[in-house]
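Following: one structure in structure tokens, then a few remarks.
Both counts, for ligands and for their atoms, begin at 1 and track the order of listing. Positions are given from 1 along the sequence.
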Amino acid sequence: MTRMSKINAPDIDLPDGRLFVGGEWETGTGAEITSIFPADGTVNRIFRGASREDGLRAIASAKAAQADPAWRNLKPHERARHLYRIADGLEANADRISRIQTRDTGKTLKETRALALSAAGTFRYFGAVLETMDDALTAQRGDALTMSVWEPLGLVAAITPWNSPIASDAQKVAPALAAGNAVLLKPASWAPLVSLELARIVEEAGLPKGLFSVLPGAGREIGNLLVEHPDIGRVSFTGGTSTGRQIARQAAEKLMPVSLELGGKSPTIVFEDADPDLAIAGVLYGIFSSTGQSCIAGARLFVQRGIYDSFVPRLVRAAERLRVGHPGDPATQVSCLVHPDHRAAVETHVAAALAEGAQLLTGGRRPDDPALAEGAYYLPTILSGVPNTARICRDEVFGPVLVVLPFEDEADLIAQANDNDYGLACGVWTRDFPKAWRIGRAINTGTVWINTYKQFSISTPFGGEKDSGMAREKGREGLRAYQAQKAIYTDLTNAPHPWAADLLDGA
Ligand code: NAD
């Protein structure tokens, strides 16, 4: 029998599980999706996801809505108003969104509230970018006025993961709509509800029907349809590296642009001259916030040899003081994982690390607290004693698991930090700014944090190197990813082309 949550804090009237297909609320005809509250295993909703037929209907109505002059011919400042209204709706509903997302993902209410407000900021930012981006009059080299104008691509598919849905949805949907496209959003099956809530807010904000659809469903069915369909002009994907690689292959076949925001195994680096208090707090936040379910999690910690024996035990003691608890408790720092299956995957990684010879410094098990027994909890875990070539130093765990390694000097550090398939982020802790600058420039990565970690700004481009992905999101140029450039030449002579002018008989 299905158990329903008795916990009050994240209780909310959840979306009913109908899909938002071409502006209509419909019961899906695809495979069943079960959304659970991972803090206690109770069921949020069981509903039917989108089938291929549902997806095809959404695509057809997106195509019609996007081509409609009522949308296509809007001036930038007029289209921006839609984004501002959605931003207002997100802000006004931040508390509700936060509760839904906490029920869907098990993230703390504090974190999901911040994500809801950041999503509002993302819509507002891209409305403002849209209003202030200019087309270009290019340098004239002949008797024609030369221009470069930016136009929408048409239909954009946004495929998102489960870890921060409202924020990753907004990061794609806002610039894609601002650019004048229609958007089909496919959220992950472990966290579909908040994306349906986004649909409700977009509908309430008055966006014309068809321009936005939300299609939860199986990646292999509905995700694959969106990637392969000839009417989809771009896929913006955030998720795992193997899925991203598969999408890139399919996109190559269609000659379709894609952006891929993928996995990571980011290094955080503590030099001997770092302020240890700043470094410990930053390293803990970098790996254990969001229960480690973060693409940018600082999962490999490099500590300089001279402080290794003093720094690591202090770090471990501090990690053991982290408050592991229910996501509705304001004191909680480390909540549950998104799903019991995901906890099982994290446990497999840790068991493999121990079998590889890793030493367990703390964690490595579920908490003893009986109040947490029903949830997908796992203690903050720190491992050491393995070389950088060990699997636990290579594979993304996507959970609260940190591996600590010593390094000798800058050259040794750069070699070890770069010896990894991923290149998403990096943190450097030192009081020596020129050194931080040298290291930051030498690490192959998309983002570098110096004496801080996991800071974000929508105005700063984000993306990965190597297996962490390709292309960038956010920033002013983030809008351009959803547009195509068109050249326009306008004759200024009003005279027949000289190549054929002598052929004219003047009649
Ligand atoms: P995933 O790759 O399993 O799924 C991501 C999305 O792709 C889901 O919506 C899924 O249903 C869909 N999908 C799966 N197979 C598909 C297919 N064949 N065609 C089309 N769509 C398909 O990833 P996940 O487990 O949901 O998320 C965790 C991963 O996401 C981690 O690797 C994490 O690092 C990464 N991530 C990256 C960033 C970033 O910005 N770089 C941010 C968050 C998460």
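Ligand 1 is never approached by Trp190 to a heavy-atom distance shorter than 4.0 Å.
Residue Ser189 places no N or O, backbone or side chain, under 3.5 Å from any N or O of ligand 1. The distance criterion of under 3.5 Å between nitrogen or oxygen atoms is not met by Gln246 with respect to ligand 1. For ligand 1, none of its N or O atoms has an N or O atom of Thr238 under 3.5 Å away.
Considering Arg45, Arg96, Arg18 in turn, Arg96 is the only one that fulfils the salt bridge (Lys or Arg N to Asp or Glu O under 4.0 Å) rule with Glu197.
For atom 34 (O) of ligand 1, the closest non-hydrogen atom on the protein side is Glu396 OE2, 2.5 Å. Looking at atom 13 (N) of ligand 1, its nearest protein heavy atom turns out to be Gly219 CA, 3.5 Å. Closest protein heavy atom to atom 37 (C) of ligand 1: Leu262 O, 3.0 Å. The protein heavy atom nearest to atom 9 (O) of ligand 1 is Thr160 O, 2.8 Å.
The existence of a salt bridge linking Asp419 and Arg394 is confirmed by a sub-4.0 Å separation between a basic side-chain nitrogen and an acidic carboxylate oxygen. Between Asp467 and Arg245 there is a salt bridge, since at least one side-chain N of the basic residue sits less than 4.0 Å from a carboxylate O of the acidic one. Using a 4.0 Å cut-off between charged nitrogen and carboxylate oxygen, Arg472 and Glu465 count as a salt-bridge pair.
Distances from atom 4 (O) of ligand 1 to the protein include no heavy-atom value under 4.0 Å.
In the candidate list Ser242, Ser168, Gly223, Gly223 is nearest to atom 21 (N) of ligand 1, counting heavy atoms.
Ring geometry for Phe20 versus Trp25: interplanar angle of 30 to 60°, hence tilted.
Applying the 4.0 Å criterion to heavy atoms of Cys295 picks out, from ligand 1, the atoms 34 (O), 36 (N), 37 (C), 38 (C), 39 (C), 40 (O), 41 (N), 42 (C), 43 (C), 44 (C). For ligand 1 and Pro187, the ligand atoms under 4.0 Å from any heavy atom of the residue are 9 (O).
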